[in-house]
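In this text the structure is predicted, and so the values were computed from the model without any measurement. To find a chain, count down the sequence lines: A is the first, B the second, and so on, and within it residues start at 1.
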Amino acid sequence: MSFSAGLPIADVVSEVREALASHPLVLLQAPPGAGKSTALPLELLNEPWLAGQKVLVLQPRRVAARAVAARLAAGLGEDVGGTVGYRVRFEARVSAATRLEVVTEGILTRRLQRDPELAGVGLVVLDEFHERSLNADLALALLREVQGALREDLRVLVMSATLDESLPARLGVPFIRSEGRAYPVDVRYLTADPVGRVEDVVAGAVRRALEEHEGDILAFLPGVREIRGALGRLADVNAVVLPLYGDLPVREQGRALLPDPSGRRKVVLATNIAETSLTIQGVRVVVDGGLSRSQVFDPGSGLSRLVTGRVTQDAATQRAGRAGRLGPGVAYRLWSPRTQALLPAARPPEMLEADLAPLTLELAQWGTPDPTTLLWLDAPPAPRVGAARELLTGLNALDDSGRVTPEGARLLEFPTHPRLAHLLSTGANGALAADVAALLEERDPFPVGTGTDLSERVSALRSWRRGEQGRGDVAVLERIERLSKQWRRTRNVPVDNAEPDHLEVGALVALAYPERVALARESTSGLARSGTGRFLLASGQGAALPEGDALAGSRALAVAHLDAGSAGWGQAGGRIFLAAPLDPAVLSTRASWVDAVRWDTRSGTLVAQQERRVGALVLDIRPLRDLPGEQRVEALAAGIRSEGLHLLKFTPEAEQLRARVDSLRHWRPEDSWPDLTDAGLLATLEDWLGPSLTTVRTRDDLARINLLPALQGWLTWPQPQHLDQLAPTHLTVPSGSRVRLEYRPDGQNPILAVKLQELFGLADTPTVNGGRTPVLLHLLSPAGRPVQVTQDLRSFWNSSYFEVRRDLRGRYPKHPWPDDPWTHEPTRFTKKRLT
DNA sequence: CTCTCCCT
């Protein structure tokens, strides 16, 4: 009997069977509609190599896991929970008879951690692998290690809906390709990229599509704001226009997904939730605005922010495909073919962009403190693993060598991010910890703009549990309670519905986000001490409450959610979305005294004090006695580097010394002269300037330092002697004058500016650098005005001299202008003085 | 001018 009869996948079933018989890992590429998720697993249940063991099918989403299990069970003519079952968080439908188990990603990870041999499982199918979710990549890496070390007979089938040409080679495995089955979709582009807001452009395209085509329309916009805008612009069309996004209450989502009850045409304005997660019935036309919003994680601050960018090519393909499920469809792409060619093929794998703290803890528990040793498709980036380790070490989950501690193992018993697990594991009040962690994990039950105080949410959750009419989205509160209940069970504490102590809430938040405890900032005028709504976080970041927020009067906060701030926000830093007031005593318990020696730019002084600190927050100050010289030098050098070398005042002599040495560096690279350029001096401040800094405290002190001896001291024997020989400060000319040389950058010839009468009789241009470098002569009039620039004195006397003489003799009659400059006595005086 | 989307 064949479960795939009539499906495209039927053509490759025997090929897949044979490949799996002889290879532990096989890659199948099949587009949507081929039957790879809903029929193929049934075809593999009785393979001899499976030896009666189970098949696990991995799905990235719970809704998909349930749906796939239902389809597979129906293929056998059974109900779910018989031969085919599923297991997702909070829900399992499996029995002793179950041989094919559909699971979500987190479930598989937990199962592998509990039983690395996967006893009784013969095949694991990783579906939708093209999405390259962090957990799917992790599952593959762990499964490959299990195959290598414990279970040579375990098979893995990787299934991908889009063709990534590089994937087979990177996996090094047999590759099978199947046709899909979908109706053709006519993809249409604009001739040029549109200008203006995406909601206007999309609304215009929807109007046209309503006139030109039959059937329901699905339009993609980046977010809720744009969806609202487009809704307003389409208020008058002859169709039902409905929004669809993740935050929408389930009942309203249902209206968008099902056909309109009164049979009217439907227009759905959706975020990328409609790309893969939810399927809308009856769609014949897709309008793709071409934008998509996604989260960018900044490992430096541990914060993330939402960024709106262009859709990728594979996402646009997914979106367009939504028009071809019922019959032939149309997809309007609101950009030009030229832009299409420039779109990135796909988003980078989540592994390369996400917060790696959960992954790093999982791997430590797995026994792999160094994640790079596993077989990855894309290895977790080392700097992110480093940041994750730092966080986990701070939570006592890892030891110094990166191995999991008993506390780390305990954190993994709470299925959530290690930060929240730490809150749940160590929070003194277990019932409150469960409520707070659940609120922090789920989306906000309060609407936008209703204050940031987390305690208010705890109150709302508890009054809802008491059965009272209260605030908050009930569907969200239900999800929050489901999480809280699971964690209360793990901690073995009863539910608590009393009014929460707000400061206790803050203390719990501080456990999860230790770097986000914050102190109120003084306003710039220095008058208001609190109430400005602006805070400094222990991480050093600034953050602000929304205008008029009730928490603005707090002296200290524990901030749970904030964004990383954007350029337009200036000094205020990030925006606080969720926080709780914090008892300053909690800060005190975490504080420690540290020596603070630093340059303060505003006052222009060296600050040397002891500070009682929590990260960037200073709770107390006392003077520091006996400042170690090394710290002083370090702090002053850092100050000069941040403000610039202009804090130091170089005399003309010091500048000349720098120019002389610089010239020699160019002329004689083999001699290793020190680098006295601005960049070179800044790089070596501690070495050459350090000895001059022992009593420096202020900007004026810095300006008073005599730099010439400092620079001279930086030269090593016999450089001072060589410097005087090779790059002298002055040259003596035939008149007897000692004339100062002007050394120039980049090894140019130095300038000797001298009155031409002082050189009478001299044929050869003077030189420096041991005779190798002729000076550039600036010949001057008796008044010191330049009349000629030359490096060839001989030819000057023979020709140009006579033109100069003709021009100047009248103006300077008292000075000698001999017919024969070769024989006249060189002089800096007038004729009268000569006779 | 906050709020793409998942998972234990």
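Under the stacking criterion of a centre-to-centre distance below 5.5 angstrom and an interplanar angle below 30°, A/Tyr245 is not stacked against the six-membered ring of B/dT4.
Nucleotide B/dC5 holds its P atom 15 Å from the CD atom of A/Gln318, rounded to whole Å. Put simply, CG on A/Asp127 is 14 Å from P on B/dC7, counting in whole angstrom units. Between A/Gln253 atom CD and B/dC5 atom C1' the separation is 12 Å, expressed in whole Å. Atom pair A/Phe220:CZ and B/dT4:P shows a separation of 15 Å (rounding to whole Å applied). Nucleotide B/dC5 holds its C1' atom 14 Å from the CG atom of A/Leu134, rounded to whole Å. In this structure, A/Gln295 atom CD and B/dT4 atom P are separated by 11 Å, rounded to whole Å. Distance CZ (A/Arg87) to P (B/dC7): 17 Å, rounded to an integer number of Å. A/Leu269 places its CG atom 14 Å from the P atom of B/dT4, with the value rounded to the nearest Å.
A donor and an acceptor atom, one from each side chain of A/Ser133 and A/Asn135, are nowhere located under 3.5 Å apart. Between the side chains of A/Trp464 and A/Glu481, no donor-acceptor pair of N or O atoms lies under 3.5 Å. If you check the side chains of A/Thr109 and A/Glu362, you find no donor sitting under 3.5 Å from an acceptor.
Ranked by how close their nearest DNA chain B nucleotide is to the 5' end, A/Glu362 and A/Glu226 are led by A/Glu226. Nucleotides of DNA chain B nearest to A/His417 and A/Pro447 differ in position, and the one nearer the 5' end is that of A/Pro447.
Minimum atom distance to the side chain of A/Ser294 is reached by B/dT4, of the listed B/dT4, B/dT8, B/dT2. Side-chain atoms of A/Arg575 lie closest to B/dT2 of the nucleotides B/dT2, B/dC5, B/dT4. When the nucleotides B/dT4, B/dT8, B/dT2 are ranked by their closest atom to the side chain of A/Arg89, B/dT8 comes out on top. For A/Glu441, whose side chain is taken as the heavy atoms from C-beta onward, the closest listed nucleotide among B/dT8, B/dT4, B/dT2 is B/dT8.
Of the side-chain N and O atoms in A/Thr104, one or more sit less than 4.0 angstrom from OP1 or OP2 of B/dT8. In terms of phosphate contacts, A/Arg62 brings a side-chain nitrogen or oxygen within less than 4.0 Å of OP1 or OP2 of B/dT8. Close to B/dC5, at under 4.0 Å from its OP1 or OP2, lies a side-chain N or O of A/Thr271.
Pairs passing the salt bridge (charged side-chain N to carboxylate O under 4.0 Å, His left out) check and including a residue from residues 58-67 of chain A, sequence neighbours excluded, read A/Arg61-A/Glu131, A/Arg66-A/Glu91. The side chain to side chain donor-acceptor pair (under 3.5 Å) pairs that include a residue from residues 443-452 of chain A are A/Asp247-A/Arg443, A/Asp444-A/Arg457, A/Thr452-A/Asp549, where partners are two or more places apart or lie in different chains.
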